[in-house]
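Positions are given from 1, in the same order as the sequence printed here.
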Amino acid sequence: LIGISDLTNSMQPKTTPKDFFLWIGAMVALYGSVVSLIALLFEYIDYAFPDALSYYVDPYSGGIRFAMAALIVLTPLTVFLMRLIRRDIARDASKNEIWIRRWALFLTLFIGGAAIVIDLITLINVFLGGDLTTRFILKVVVVLLESGAACLHFLSDLRGYWMANPSKAQLVGYGAGLAVLASIVAGFFIMGTPGDVRLVRFDSQKVSDLQGVQWQLVNFWQQKQVLPADLEELADPISGWINPLDPQTGESYIYERTSNSSFRLCATFNKESRGMTPEESMAIRAYGSIEGNWQHGIGEECFDRTIDPERYPPYQKGVPVPAVY
């Protein structure tokens, strides 16, 4: 019996270090690609069906950019590693039976099945709560389709279907590649080219600079009950405040004193603002509305502000003045 057991074990195909790391790398790249594709499609759904309770919109499309970058790297890597694995199996059919392959396929089936079950439970729970929105249904459909497709694909692989039908396997691969490519291309129509994103970042910095200048002007008025004639009067080497310059042109921002307690700040923007700043979003959540937001169009945009002495009372003489940075 011992001899028969040893003979049986010696006949089983061995997993080489190459096999182990190929399958581990392929599974990690595959899971990363699937998660990134789901995240990207979720971002598209959020963009097409915005949530009325979500006031802040990321002007840089950071979620879309990260998901696109992950797909651009991980999808070709998955295809490359799986091609190496299938080439090894074509040369040595015994590699179909190595333990790492079977574990990887069964693990993928388990994860895909678990995702479907959790998705259905979430769908029923939300439905019972009366909050079945279009964007939620679309997200559930995305997870169901991707998880179901992965389960069917690897279940067929376990049964040897793709090895027996290489032309169909190649067709499915091309179809998946085209779907991923289409999802990546769609992202550029939403967030624009990298050059467009850079212009949006310039605009965001300009708004941030104007906000800083505005608070310096308010603090100046509270101390002296008069606004400065120009921005140079705001410069304070003790507090460290230096008037910012337009990051795109290197020129000073436009400032105009329109009365003893009102002023105008202007800047030239590249793109129309996509959403509210985090500060504006918090203000709306706290107060229901805000006075004078920083939404802007393309070109020169001016923001008129009037200081309310009840909200920003002048500082009393002899009372320490809080620092404003």
Side-chain angles (χ1 to χ4, degrees), residues 12-45 61-119 122 139-163 166 168-187:
Q12 290 181 351
K14 294 183 178 180
T15 300
T16 65
K18 176 185 175 182
D19 297 327
F20 179 83
F21 287 109
L22 276 179
W23 274 104
I24 292 296
M27 290 301 102
V28 170
L30 174 66
Y31 298 154
S33 299
V34 171
V35 170
S36 298
L37 182 57
I38 291 175
L40 184 59
L41 295 179
F42 278 13
E43 290 287 342
Y44 293 163
I45 292 171
S61 303
I64 294 178
R65 288 190 293 114
F66 185 83
M68 288 174 61
L71 279 176
I72 291 172
V73 174
L74 293 178
T75 301
L77 179 61
T78 303
V79 173
F80 174 72
L81 293 176
M82 292 304 298
R83 181 169 295 182
L84 290 181
I85 290 173
R86 295 191 185 281
R87 189 177 299 170
D88 285 347
I89 293 176
R91 285 197 298 259
D92 184 2
S94 66
K95 290 187 178 292
N96 255 329
E97 303 301 326
I98 57 177
W99 69 267
I100 186 63
R101 174 180 180 271
R102 302 189 69 83
W103 269 91
L105 296 182
F106 278 114
L107 178 62
T108 303
L109 288 174
F110 173 78
I111 293 176
I116 293 175
V117 171
I118 294 173
D119 208 30
T122 304
K139 289 181 179 182
V140 170
V141 170
V142 166
V143 175
L144 282 174
L145 288 178
E146 288 212 31
S147 301
C151 286
L152 289 176
H153 178 82
F154 287 102
L155 185 60
S156 300
D157 198 1
L158 275 173
R159 296 175 176 176
Y161 179 82
W162 303 122
M163 294 300 297
K168 292 184 179 180
Q170 192 175 31
L171 185 63
V172 170
Y174 286 144
L178 287 175
V180 171
L181 180 61
S183 67
I184 293 174
V185 172

Polar side-chain atom of T15 near backbone of F20 as donor-acceptor pair, under 3.5 Å: no
Verdict with reasoning, L37 to S183, per side chain to side chain contact (heavy atoms under 4.5 Å, CB included): CA-CA 8 Å; L37 182 57; S183 67; 3.5 Å; yes
Atom of S147, atom of I116 and distance for their closest heavy-atom approach: CB-CG1, 3.5 Å
Ignoring hydrogens, what is the shortest heavy-atom contact between C151 and L109? Give both atom names and the distance. O-CD2, 3.2 Å
D19 versus T16, side-chain donor and acceptor atoms under 3.5 Å: yes
Smallest heavy-atom separation, T78 atom then A26 atom, equals CG2-O, 4.3 Å
Can you list every pair that meets side chain to side chain donor-acceptor pair (under 3.5 Å) and has a residue in residues 100-113, with sequence neighbours left out? Y31-T108, N96-R101, R101-D157
Say you draw a straight line from CZ of F42 to CD1 of I64; how long is it, rounded to the nearest 0.5 Å? 14.0 Å
With sequence neighbours excluded, give me every ring pair (Phe, Tyr, Trp, His ring centres under 6.0 Å) pair touching residues 139-160. H153-W162
The salt bridge (Lys or Arg N to Asp or Glu O under 4.0 Å) partners of R83 (sequence neighbours excluded) come to none
If you take all heavy atoms of M27 and A104, which pair is closest and at what distance? CG-CB, 3.7 Å
Closest non-hydrogen atom pair between G63 and E43, with its separation: CA-OE2, 3.7 Å
